[in-house]
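Working notes, structure below.
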Amino acid sequence: MCETCGCGNADEHAVIQKPNDPNYEHKHRDHDHDHNNTIEIQTDILAKNNLLAERNRGYFSAKNITALNLVSSPGSGKTTLLEKTIKQLKSNVPINVIEGDQQTMRDAERIDKTGVPVVQVNTGTGCHLDAHMIQHAIQELDPENKSILFIENVGNLVCPALFDLGEAMKIVIISVTEGEDKPQKYPHMFDASDICIINKIDLLPYVDFDMEKCKDFALQVNHKLKFFELSAKTGEGMNHWIKWLKQKP
Ligand SMILES: Nc1nc2c(ncn2[C@@H]2O[C@H](COP(=O)(O)OP(=O)(O)O)[C@@H](O)[C@H]2O)c(=O)[nH]1
Ligand SMILES: [Mg+2]
């Protein structure tokens, strides 16, 4: 966990709002930065988070909701993938979306255009979503029984790996412009995920990206990872991903 970015106290900064909310404002609650006893505090934060995550998991299980936590570095194409996925899937299954970013409603506004319910969580200085934010967001959304909840986490390949949200699984997205070595450099995220989506394959002819090496590196970290290679832009490979989603919830 970061010691300097304030992620340990991220929930104190969180602002949860629906798109087009006239009361939208950039507000951040004040908090104290006390970094004494850092290890104990971090342990407490993760223990508290895990407890709330289990409550979320119980809620999802009782309502037969499949919660999928999309994690990646900024710009890998999470929101684009969601926009395209929702268009193809929303007639088959009810979908809700929680969008996480430090600032702005931009992604929630993009998802809002697809016609599914969405809330934006602005984490302020925080670099990940946590289980408490998700608890509040699902109170706002009130997702249907037997539905899919997509959670787009804050773009960051580090901290979101540590925070269980109560999701069924984490899905890590890497785009071919990021280089094939990311699973080696950020192993925790690939270890914490069940699915790895390799996006922007339409750009493969233009970038030095070794697909097989990338998958090998990822499998060295987590031999159970399942891969989808696709382009959210052109739709190439999307059919396998959509077929997999149709088997949920
Ligand atoms: N060429 C290409 N560009 C993509 C693809 N998916 C997303 N993008 C672009 O990548 C940029 C970041 O996408 P966005 O969905 O906002 O990424 P996020 O930050 O992970 O949510 C945008 O300019 C997208 O149009 C893809 O499959 N191929
Ligand atoms: Mg996004």
Side-chain angles (χ1 to χ4, degrees), residues 10 14-19 24 67-89 95-114 116-124 126-129 133-134 137 141 148-161 163 165 167 170-180 182-183 185-186 189-190 192-193 195-209 211 214-215 227-242 244-245:
V15 179
I16 299 170
Q17 283 167 110
K18 289 184 170 159
Y24 178 67
L68 302 173
N69 181 4
L70 305 189
V71 290
S72 81
S73 47
S76 68
K78 297 180 295 303
T79 313
T80 309
L81 178 67
L82 278 180
E83 290 170 317
K84 298 292 176 73
T85 301
I86 291 164
K87 277 182 194 149
Q88 295 190 42
L89 201 63
I95 296 171
N96 287 263
V97 179
I98 298 171
E99 281 292 340
D101 273 306
Q102 287 198 324
Q103 295 286 349
T104 84
M105 297 287 284
R106 289 176 71 94
D107 283 2
E109 284 162 4
R110 286 170 64 183
I111 298 299
D112 193 42
K113 291 195 181 110
T114 68
V116 303
V118 56
V119 291
Q120 178 82 49
V121 180
N122 283 150
T123 58
C127 51
H128 61 270
L129 294 175
M133 298 172 194
I134 298 305
L141 283 169
I148 293 181
L149 173 68
F150 288 111
I151 303 168
E152 180 179 337
N153 217 311
V154 178
N156 174 358
L157 271 180
V158 184
C159 306
F163 283 80
L165 307 180
E167 72 272 15
K170 289 184 176 66
I171 296 179
V172 62
I173 299 162
I174 175 174
S175 54
V176 302
T177 51
E178 294 169 49
E180 67 270 338
K182 292 304 163 293
K185 289 183 172 176
Y186 303 97
M189 190 59 91
F190 290 83
S193 300
I195 303 282
C196 176
I197 293 179
I198 303 175
N199 188 32
K200 307 196 188 181
I201 59 169
D202 58 295
L203 297 178
L204 276 173
Y206 313 105
V207 291
D208 295 329
F209 181 85
M211 182 67 77
C214 180
K215 290 205 241 178
F227 297 93
F228 292 106
E229 298 168 32
L230 55 83
S231 166
K233 179 180 169 154
T234 66
E236 189 184 351
M238 283 284 290
N239 53 332
H240 300 293
W241 160 243
I242 296 291
W244 180 81
L245 283 170

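If you read the sequence from its start, that first residue is 1, and numbering goes on from there. In listed order, ligands and their atoms are each counted from 1.
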Less than 4.5 Å apart, any side-chain heavy atom of [X] and any of [Y]?
| X | Y | result |
| --- | --- | --- |
| L82 | E99 | yes |
| S72 | I174 | no |
| M211 | L204 | yes |
| L141 | I98 | yes |

Out of [options], whose heavy atom sits nearest [atom]?
| atom | options | answer |
| --- | --- | --- |
| atom 24 (C) of ligand 1 | I201, T80, V154 | T80 |
| atom 12 (C) of ligand 1 | P74, S72, G75, G237 | G75 |
| atom 6 (N) of ligand 1 | L70, N199, L82 | N199 |
| atom 11 (C) of ligand 1 | K200, E83, R110 | K200 |

Test item: [X] side-chain N/O and [Y] main-chain N/O as donor-acceptor pair under 3.5 Å:
| X | Y | answer |
| --- | --- | --- |
| N69 | E167 | no |
| K233 | K200 | no |
| S231 | T234 | yes |

With heavy-atom distances below 4.0 Å as the criterion, list the atoms of ligand 1 near [X].
| X | result |
| --- | --- |
| K78 | 15 (O), 17 (O), 18 (P), 19 (O), 20 (O), 21 (O) |
| T79 | 15 (O), 21 (O) |
| S231 | 27 (O) |

E152 atom (N/O/S) at minimal separation from the Mg ion (ligand 2):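 E152's closest N, O or S atom to the Mg ion (ligand 2) is named OE2.
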Residue D107 atom name (nearest to the Mg ion (ligand 2); N/O/S):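 Per the distance ranking, D107 contributes OD2 as its closest N/O/S atom to the Mg ion (ligand 2).
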Side chain, backbone, both or neither: D202 near ligand 1, heavy atoms under 4.0 Å: side chain
Ligand 1-proximal atoms of L203, by part, heavy-atom distance under 4.0 Å: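 For L203, the contact with ligand 1 is made by the side chain alone.
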Protein residue, atom and distance nearest to atom 17 (O) of ligand 1, heavy-atom basis: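 Checking every protein heavy atom, the shortest distance to atom 17 (O) of ligand 1 gives G77 N, 3.1 Å.
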F163 and H128 aromatic centres sub-6.0 Å: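 Ring centres of H128 and F163 closer than 6.0 Å.
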Distance-only side-chain donor-acceptor flag, E152 / T79, under 3.5 Å: yes
Atom 22 (C) of ligand 1 touched by protein (heavy atom, under 4.0 Å):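 Under 4.0 Å from atom 22 (C) of ligand 1, zero protein heavy atoms found.
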The Mg ion (ligand 2) to nearest N/O/S of T79 below 2.8 Å: yes
Short N or O distance, S73 and ligand 1, threshold 3.5 Å exclusive: no
Criterion side-chain contact (heavy atoms from CB on, under 4.5 Å) against I151, the qualifying member of L70, L129, I171, L68: L129
